[in-house]
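Reviewing the structure listed below.
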Amino acid sequence: MADIHANLIGGEWTTSTNASRNINPSDLSDVVGDYAQADAAQTEAAIDAAAAAFPGWAAASPQRRGDILDAAGSAILARKDELGRLLSREEGKTLAEGVGEATRAGQIFKYFAGEALRLSGERLDSTRPGVDVEITREPLGVVGLITPWNFPIAIPAWKIAPALAYGNSVVMKPADAVPGSSWALAEILVQAGLPAGVFNLVMGRGSVVGEAIVASPKVTAISFTGSVSTGRRIGARAFETGKKFQLEMGGKNPLVVLDDADLGTAVGAALNGAFFSTGQRCTASSRLVVTEGIHDRFVAALAEKMQALKVDHALKPGTDIGPVVSSDQLEQDLRYIAIAREEGGRLVTGGERLSRETEGYYLAPALFADTDNSMRINREEVFGPVASVVRVRDYDEALAVANDTEFGLSAGICTTSLKHATHFKRHAQAGMVMVNLPTAGVDPHAPFGGRKGSSYGAREQGSYAREFYTTVKTAYVFGG
Ligand code: NAD
């Protein structure tokens with residue numbers, strides 16, 4: 001294969017004997033590129049390079065670290081159209097969504113450029129005379145970052161930027177389906193002047209590269225985003241090998257719609273939350289919990305809006321919904337659509353494969369009504385443009401259904417009642433609560449994460465990211 005995009009190991013672009021072909025899910029004849037697949041030995045070399053580079057980077061002044069992150073952020077923003085196009089080509093979200101995500105990645109780097117300089121400590125008066133107590137934060141060491149395919153540039157950015165800002169060195173493994181955006185980020189970090197070995201990119205299989213990162217005693221911490229099954233496995237291995245770890249995993253996020261909701265607001269929130277980005281968001285509004293008085297109007301209005309959505313090539317002007325990311329994911333979506341039907345769900349609209357000018361994984365967004373919260377469609381994450389409606393009597397039942405899930409990432413409510421909005425905000429068992437907004441769509445400077453089966457460990461993003469990427473030291477000094 002010609003022009004293989006190489007891995008970045010100790011500052012060198014290093015090819016491998018194996019490569020994987022990155023194919024555009026909007027057009028299976030469009031090859032995004034060929035990307036090297038690292039093996040266990042190359043992963044080990046990347047970890048060694050990160051370990052060797054760590055002391056120098058940890059000792060670099062926060063101004064220097066911030067300047068490099070700022071330069072990377074500026075480069076991402078200057079190239080946002082090209083990077084957005086690349087990620088839409090490899091992942092399938094629309095160009096507008098791709099450019100939006102690239103912009104967000106640039107802003108995240110800029111934010112953490114500032115955070116590098118804002119890392120503060122604390123001083124306490126000791127209980128003992130003449131003793132000072134000083135609390136400081138230090139970097140962890142080599143951090144392993146393992147990311148999913150659904151946000152190919154934003155999730156790598158929100159892990160890489162804080163890891164580097166606080167003085168850690170990084171070994172990063174992107175998802176197999178979307179190496180292109182991470183490769184572009186690696187190139188940008190090199191051009192921004194990051195010293196060799198501080199950031200290493202190892203593309204390849206989870207079972208090879210991912211396992212090697214998690215098993216290595218030289219890796220101090222793991223930040224993982226992906227599915228529940230992989231996350232739990234990684235968590236168990238990380239614990240066994242004494243690592244700090246954080247896991248961001250799946251969701252089955254409820255959007256409650258009450259009788260007193262503004263219908264337009266509720267339908268808009270459901271449409272965006274459930275189906276934008278092809279429903280492939282961990283925060284997607286996949287369970288729509290709707291009270292009796294508004295139920296029929298809501299379902300009819302949502303179905304009408306869904307039928308007007310244009311599902312087509314991600315780069316085509318006017319496309320609202322791009323393709324599903326891969327044939328495996330499409331199969332999974334179709335399987336759950338069949339399961340929901342077998343369980344007695346009523347398919348209101350969508351759910352069928354679509355043909356377009358180019359061959360791709362196109363699926364008409366699907367809405368089920370008359371579902372029960374105990375059905376598999378309401379308990380398991382589909383991760384596609386599929387949502388189901390659960391009809392409930394009143395707010396109390398809505399809250400109980402919303403919380404009746406093993407997940408707890410995001411929860412939303414559409415209502416004009418301050419009383420119900422306030423109660424929901426306090427009692428929803430989720431890491432993030434949205435009022436009159438889709439369950440998806442968060443700010444890059446606010447903490448992100450969930451509860452229950454969705455997440456484990458410290459929050460990501462904003463100033464809260466320091467909880468994971470630093471370790472606290474308490475020093476007692478007797479000055480005499
Ligand atoms: P996945 O779990 O299949 O893969 C995630 C990453 O783990 C990939 O890089 C993969 O190669 C790697 N991996 C796989 N097996 C591994 C192993 N044995 N050891 C180490 N690494 C391994 O997930 P995915 O299909 O890429 O992403 C979809 C999932 O991600 C969904 O469940 C979604 O909800 C979740 N997600 C969660 C959040 C969040 O913040 N909570 C955000 C986005 C996506």
Side-chain angles (χ1 to χ4, degrees), residues 20 35 37-38 40 43 90-91 93 101 144-159 171-179 181-182 201-216 219 222-238 240-241 243 245-253 277-286 324-333 336 380-384 405-410 430-432 439-442 444 447-461 465 468:
S20 85
Y35 291 81
Q37 295 250 298
T43 309
E90 68 177 353
E91 198 268 352
K93 61 185 65 172
E101 188 183 326
L145 309 179
I146 301 177
T147 56
W149 49 260
N150 65 326
F151 283 94
I153 199 163
I155 293 181
W158 82 51
K159 294 185 191 297
V171 176
M172 144 124 209
K173 191 207 102 57
D176 321 24
V178 294
S181 301
S182 288
L201 178 74
V202 272
M203 300 172 288
R205 307 268 302 273
S207 57
V208 178
V209 175
E211 293 266 349
I213 293 172
V214 178
S216 171
V219 174
I222 298 281
S223 178
F224 167 85
T225 301
S227 62
V228 172
S229 57
T230 310
R232 289 198 175 147
R233 183 190 166 92
I234 287 178
R237 288 289 286 137
E240 278 165 18
T241 50
K243 294 177 177 56
F245 60 97
Q246 69 178 175
L247 310 171
E248 282 301 338
M249 302 173 284
K252 199 70 213 176
N253 312 288
S277 296
T278 322
Q280 298 174 151
R281 293 187 285 190
C282 50
T283 46
S285 316
S286 53
V324 170
V325 71
S326 64
S327 63
D328 283 356
Q329 186 60 49
L330 180 65
E331 253 176 54
Q332 174 164 314
D333 297 350
Y336 273 105
E380 299 168 24
E381 187 183 50
V382 179
F383 219 55
T405 171
E406 70 169 275
F407 296 107
L409 189 55
S410 180
M432 296 171 290
T439 52
V442 297
F448 179 94
R451 297 182 184 177
K452 293 159 79 176
S454 290
S455 303
Y456 183 91
R459 288 285 184 267
E460 300 201 79
Q461 303 203 55
F468 182 73

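Predicted model only: the values in this text are computed from it and were never measured. We count ligands from 1, going down the list as the structure has it; atoms in each ligand are counted the same way. Scope of the values below: all heavy atoms of this structure, side chains included, with no hydrogens, waters or symmetry mates.
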Counting only heavy atoms closer than 4.0 Å, does ligand 1 sit against the backbone of [X], its side chain, both, or neither?
X      : answer
Phe448 : side chain
Ile234 : side chain
Arg281 : neither
Glu381 : side chain
Thr225 : both
Val228 : neither

If you measure from [atom] to every heavy atom of [options], which option wins on shortest distance?
atom                    : options                : answer
atom 17 (C) of ligand 1 : Gly210, Ala175, Gly206 : Gly206
atom 9 (O) of ligand 1  : Asn253, Thr147, Ile222 : Thr147
atom 29 (C) of ligand 1 : Pro148, Gly251, Gly226 : Gly226
atom 14 (C) of ligand 1 : Thr230, Leu247, Thr283 : Thr230

Subject >> Contact atoms of ligand 1, heavy-atom distance to Leu409 under 4.0 Å >> reply: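 Contacts of ligand 1 toward Leu409, numbered from 1: 41 (N).
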
Original post:
When you check the side-chain N and O atoms of Gln332 and Asp328, is any donor under 3.5 Å from an acceptor?
Top reply: no

How close does the nearest protein non-hydrogen atom get to [atom], and which residue and atom is it?
atom                    : result
atom 2 (O) of ligand 1  : Ser227 OG, 2.6 Å
atom 39 (C) of ligand 1 : Cys282 SG, 3.2 Å
atom 18 (N) of ligand 1 : Glu211 OE2, 2.8 Å

Original post:
Under 3.5 Å, N or O to N or O, is Met249 touching ligand 1 that way?
Top reply: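 Between Met249 and ligand 1 (N or O atoms, distance only) the closest approach is under 3.5 Å.
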
**OP:** Indicate yes or no: does Glu211 engage Lys173 in a salt bridge with an N to O separation below 4.0 Å.
**Re:**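 So Glu211 does not pair with Lys173 through a salt bridge.
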
Original post:
Can the ring centres of Phe224 and Phe245 be said to be less than 6.0 Å apart?
Top reply: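 No: the rings miss the under 6.0 Å criterion.
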
Original post:
Can Pro174 be said to touch ligand 1, with heavy atoms closer than 4.0 Å?
Top reply: yes

Subject >> Side-chain heavy atoms of Val382 within contact of Lys252, under 4.5 Å >> reply: yes

